[in-house]
Novice: 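Have a look at the structure that comes next, please.
The model shown is predicted, which means the values in this text are computed figures rather than measured ones. In what follows, every heavy atom counts, from backbone to side chain, and hydrogens, waters and symmetry copies are set aside.
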Amino acid sequence: RSARDERELRGVEIDIIELVELHASSVDAHEFASAEYVEALSFQNFKNTWRTRAFSNVHLGKLQQQTYNAFVQSAYDAALRFARTGTTLATRVTGAYTLYALYETQLVGPTVRIYICPPALDAMKALIADAIDIGVHAVPKCMKALFDSDAFVLGTRDVTKTALTRM
């Protein structure tokens, strides 16, 4: 399969992977839990990476054959995967920030909510605790904003019947 075919198939997921890995590796370049590390994990630092990579336009990248809901949920899934199972705290935090930023930058229209399963929800709670332990307070603030706006739907997407659809 060519890179172009893969991009057509996974489009926004590849963009999310590149964003999270780039940002997390820049954070991981600092000594863990140092003042520089905590500063690098700030939401403002993430926001600068988001802007540099022109992710404010991510929602305009929907492929023609996709519905907008499926497109956004694919982006959520990619970000949530990092927030849930990232190998470093920086990767998990960057995944959580990406999830928040994707939700907050949706186009005008019905808001697409984030499908989350109970183990992922538990992982998000653990991430919040880990972030608080080293003084990264933007993570709980972002997650609280998502919870307060009813961003999460407990469940999973229906990917068994028709590709690119949601429950």
Side-chain angles (χ1 to χ4, degrees), residues 6-7 10-62 69 71-107 111-157:
E6 187 67 19
R7 178 148 241 359
R10 298 185 45 164
V12 72
E13 292 178 71
I14 292 171
D15 295 336
I16 298 296
I17 290 167
E18 289 174 354
L19 171 77
V20 172
E21 289 177 348
L22 170 78
H23 184 74
S25 66
S26 73
V27 172
D28 284 330
H30 302 284
E31 181 182 338
F32 181 75
S34 66
E36 294 83 15
Y37 182 82
V38 172
E39 176 62 29
L41 275 179
S42 71
F43 184 75
Q44 185 59 49
N45 187 35
F46 167 78
K47 192 173 177 181
N48 292 339
T49 302
W50 178 273
R51 286 181 176 160
T52 301
R53 295 187 54 89
F55 260 70
S56 56
N57 296 323
V58 71
H59 294 281
L60 301 176
K62 180 185 83 61
N69 284 0
F71 171 79
V72 174
Q73 194 61 46
S74 293
Y76 288 157
D77 290 348
L80 190 57
R81 195 172 320 128
F82 282 109
R84 181 180 177 188
T85 63
T87 56
T88 67
L89 180 61
T91 303
R92 293 170 52 219
V93 167
T94 304
Y97 286 160
T98 302
L99 192 65
Y100 172 77
L102 287 166
Y103 184 81
E104 290 297 325
T105 59
Q106 289 183 61
L107 301 174
T111 303
V112 180
R113 295 171 67 200
I114 305 163
Y115 280 93
I116 190 166
C117 63
L121 199 54
D122 290 341
M124 297 307 287
K125 288 186 224 172
L127 173 59
I128 291 168
D130 292 345
I132 290 171
D133 285 348
I134 66 163
V136 179
H137 300 290
V139 173
K141 286 179 183 175
C142 289
M143 292 301 104
K144 182 178 182 332
L146 290 174
F147 282 110
D148 288 349
S149 63
D150 285 331
F152 294 108
V153 175
L154 196 58
T156 58
R157 289 192 306 146

Novice: What heavy-atom pair brings Met124 and Ala96 nearest, and what distance separates the two atoms?
Specialist: CE-CB, 4.1 Å
Novice: Quick check: closest heavy atoms across Ile16 and Ala75, and the distance to 0.1 Å?
Specialist: CG1-O, 4.2 Å
Novice: A side-chain contact here means heavy atoms from C-beta on lying under 4.5 Å apart; do Gln106 and Val112 qualify?
Specialist: yes
Novice: What I'd like to find out is whether the side chain of Tyr76 reaches to under 4.5 Å of the side chain of Ile116, using heavy atoms alone.
Specialist: no
Novice: Using side-chain heavy atoms (C-beta onward) and a distance below 4.5 Å, is Phe43 in contact with Val139?
Specialist: no
Novice: To the nearest 0.5 angstrom, please state how far the CG atom of Leu99 sits from the CD atom of Glu104.
Specialist: 10.5 Å
Novice: Tell me the closest heavy-atom pair linking Pro140 and Ile132, and the distance in Å.
Specialist: CG-CG1, 3.7 Å
Novice: Checking Leu19 against Thr49 for the side chain to side chain contact (heavy atoms under 4.5 Å, CB included) test, could you report, in this order, the C-alpha distance in whole Å, the side-chain angles of both residues, the deciding distance, and whether it holds?
Specialist: CA-CA 8 Å; Leu19 171 77; Thr49 302; 3.8 Å; yes
Novice: Indicate yes or no: at least one non-hydrogen side-chain atom of Glu39 is less than 4.5 angstrom from one of His30.
Specialist: no
Novice: CG of Asp77 to CD1 of Ile114: how many Å apart, nearest 0.5 Å?
Specialist: 10.0 Å
Novice: Can you tell me how far apart CZ (Arg84) and CG (Leu121) are? Round to the nearest 0.5 Å.
Specialist: 10.5 Å
Novice: Rounded to the nearest 0.5 Å, what separation is found between the OG atom of Ser149 and the NZ atom of Lys144?
Specialist: 10.0 Å
Novice: Assess the residue pair Asp130 and Arg92 against the criterion (side chain to side chain contact (heavy atoms under 4.5 Å, CB included)); give the C-alpha distance rounded to whole Å, side-chain angles, the decisive distance to 0.1 Å, and a yes or no.
Specialist: CA-CA 10 Å; Asp130 292 345; Arg92 293 170 52 219; 3.1 Å; yes
Novice: Output the distance between atom NZ (Lys141) and atom CG (Asp148), rounded to the nearest 0.5 Å.
Specialist: 13.5 Å
Novice: Compare all side-chain heavy atoms of Val93 with those of Val27 and state whether any distance is below 4.5 angstrom.
Specialist: no
Novice: Of Tyr103, Tyr100, Phe152, which meets ring-ring contact (aromatic ring centres under 6.0 Å, His included) against Phe147?
Specialist: Phe152
Novice: What heavy-atom pair brings Ala40 and Asn45 nearest, and what distance separates the two atoms?
Specialist: O-ND2, 2.7 Å
Novice: With side chain to side chain contact (heavy atoms under 4.5 Å, CB included) as the test, would you mind laying out the steps for Thr98 and Phe46 before giving the verdict?
Specialist: CA-CA 9 Å; Thr98 302; Phe46 167 78; 3.4 Å; yes
Novice: How close do Leu154 and Cys117 get, counting heavy atoms only, and between which atoms?
Specialist: CD1-C, 4.1 Å
Novice: Using side-chain heavy atoms (C-beta onward) and a distance below 4.5 Å, is Tyr115 in contact with Leu80?
Specialist: no
Novice: Do the side chain of Thr94 and the main chain of Thr91 share a donor and acceptor less than 3.5 angstrom apart?
Specialist: no
Novice: What's the verdict on side chain to side chain contact (heavy atoms under 4.5 Å, CB included) for Glu18 and Arg53, showing C-alpha distance, side-chain angles and the deciding distance?
Specialist: CA-CA 10 Å; Glu18 289 174 354; Arg53 295 187 54 89; 3.2 Å; yes
Novice: Distance check, rounded to the nearest 0.5 Å: Leu41 atom CG versus Leu89 atom CG?
Specialist: 5.5 Å
Novice: A side-chain contact here means heavy atoms from C-beta on lying under 4.5 Å apart; do Asp28 and Tyr37 qualify?
Specialist: yes
Novice: Between Phe82 and Ile17, is there a side-chain heavy-atom distance shorter than 4.5 Å?
Specialist: yes
Novice: Looking at every non-hydrogen atom in both residues, tell me the closest pair between Gly95 and Ala83 and how far apart they are.
Specialist: C-CB, 3.8 Å
